[in-house]
Amino acid sequence: MSGGITLTMHWSDWLTLLGHFLSISLLAVGGALGTLPEMHRFLVDRQHWLTDPQFNASVAIAQAAPGPNVLFVALMGWNIGINTGSYAAAVLGAAICMIGLLLPSGTLAYLAARWGHRNRERRAVRAFKLGMSPVVISLLIGTGWILASVHNDPVRDWALWLTTAVTALIVWRTKIHLLWLIAAGAIFGAMGWI
């Protein structure tokens with residue numbers, strides 16, 4: 001998945017990468033996919049450690065592969081290391097990104113779940129759970145926007161946007177299982193409609 005860029009990473013760069021992933025870890029309230037817009041801004045736009053195709057391929061491969069979808073984080077770190085020309089750096093990059101993203105959010109989720117379960121009847125706990133829904137939805141919409149904007153041609157990609165809007169409406173207004181919608185999307189994609 002190398003995109004043709006060559007990097008020289010110093011220890012300070014690896015620490016910057018770790019620090020950034022540690023900080024965005026706490027935004028991953030709806031899952032790691034909710035942090036994609038910030039990852040893109042940092043890795044592609046600001047640091048230029050990844051290209052757009054490498055970023056999108058990392059997400060696409062991890063989503064297509066069996067297992068947890070958070071694996072795209074390791075692929076991003078791997079690609080950063082590969083851009084330095086070293087497999088050892090690729091392993092280091094994958095480890096730094098995964099540890100950075102999983103350690104704070106995993107620890108917080110564990111502690112918060114224990115506390116929330118003990119205090120689940122409190123009004124503040126119920127209000128917090130309800131208040132997090134719009135945050136999670138907003139983060140996921142931002143993720144979808146970043147991934148769908150790769151083509152930057154809304155006129156040509158009208159079918160993609162229409163399918164997205166119809167799917168959102170179906171999810172909101174019906175109880176159709178999401179796997180049916182995913183299957184429909186796969187069929188539309190295989191037929192070249194989207």
Side-chain angles (χ1 to χ4, degrees), residues 1-5 7 9 16-18 20-84 89-106 109 135-154 156-157 159-161 163-165 167-168 171 178-179 181-190 192-194:
M1 277 192 296
S2 180
I5 62 174
L7 297 176
M9 298 283 286
T16 299
L17 180 64
L18 176 64
H20 189 74
F21 274 79
L22 286 168
S23 68
I24 64 172
S25 172
L26 298 176
L27 289 176
V29 292
L33 285 174
T35 61
L36 270 177
E38 175 55 24
M39 287 179 197
H40 185 273
R41 185 196 66 76
F42 182 76
L43 297 174
V44 177
D45 296 337
R46 184 171 153 205
Q47 298 294 347
H48 307 289
W49 289 340
L50 292 177
T51 63
D52 268 321
Q54 285 178 313
F55 185 88
N56 290 331
S58 297
V59 176
I61 289 170
Q63 296 307 304
N69 68 2
V70 74
L71 293 177
F72 74 88
V73 174
L75 284 174
M76 287 181 192
W78 176 268
N79 283 326
I80 292 169
I82 287 296
N83 287 341
T84 70
V91 171
L92 177 65
I96 284 174
C97 289
M98 286 299 283
I99 290 168
L101 191 72
L102 295 178
L103 186 64
S105 61
V135 172
V136 171
I137 290 168
S138 299
L139 289 170
L140 290 175
I141 288 172
T143 297
W145 184 263
I146 291 286
L147 292 176
S149 314
V150 169
H151 301 293
N152 290 327
D153 189 0
R156 189 188 76 194
D157 295 330
L160 170 69
W161 297 105
T163 303
T164 302
T167 302
V171 168
L178 292 178
L179 289 178
L181 297 172
I182 292 170
I187 292 168
F188 291 163
W193 293 354
I194 55 172

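None of these values were measured; they are calculated from a predicted model.
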For S105, which residues count as a side chain to side chain contact (heavy atoms under 4.5 Å, CB included) partner, sequence neighbours excluded?
-> S25
Find out whether I61 and L71 are in side-chain contact, i.e. whether some heavy atom of one side chain is under 4.5 Å from a heavy atom of the other.
-> no
Side chain proximity check, V70 to M98, heavy atoms < 4.5 angstrom = yes
Sequence neighbours excluded, every pair satisfying salt bridge (Lys or Arg N to Asp or Glu O under 4.0 Å) that has a member inside residues 38-48 | E38-R41
First locate atom CD of Q63, then atom CG of L33, and finally report the distance between them rounded to the nearest 0.5 Å.
-> 5.0 Å
Heavy-atom closest pair, residues A32 and T35 = O-OG1, 2.6 Å
For residues 64-77, pull every pair meeting salt bridge (Lys or Arg N to Asp or Glu O under 4.0 Å), keeping only residues two or more places apart or in separate chains.
-> none
Looking at G100 and L18, what are the two nearest heavy atoms and their distance?
-> CA-CD1, 3.8 Å
Which pair of heavy atoms, one from M76 and one from V59, lies closest together, and at what distance?
-> CE-CG2, 3.9 Å
Rounded to the nearest 0.5 Å, what separation is found between the CG atom of L50 and the CD1 atom of I5?
-> 6.0 Å
Of all the heavy-atom pairs spanning L75 and S58, show the shortest one and how long it is.
-> CD1-O, 3.4 Å
Would you say H40 and D52 make side-chain contact, with heavy atoms under 4.5 Å?
-> yes
Which residues satisfy the side chain to side chain contact (heavy atoms under 4.5 Å, CB included) test with Q47, sequence neighbours excluded?
-> T16, F42, W49
Taking C-beta and beyond as the side chain, do L36 and F55 meet within less than 4.5 Å on heavy atoms?
-> yes
How long is the span from the CD1 atom in I182 to the CD1 atom in I187, to the nearest 0.5 Å?
-> 12.5 Å
At what distance, to the nearest 0.5 angstrom, does CG of N83 lie from CE of M9?
-> 9.5 Å
How far does CD1 of I82 sit from CG of L7, to the nearest 0.5 angstrom?
-> 11.0 Å
So do the side chains of M39 and L101 get within less than 4.5 Å of each other, counting heavy atoms only?
-> yes
Of all residues at least two apart in sequence or in a different chain, which pass the ring-ring contact (aromatic ring centres under 6.0 Å, His included) check with F21?
-> none
In Å, rounded to the nearest 0.5 Å, how long is the span from CG of N79 to CD of Q54?
-> 5.0 Å
Those residues that, when tested against V171, pass side chain to side chain contact (heavy atoms under 4.5 Å, CB included) (two or more places apart) = T167, L178, L181
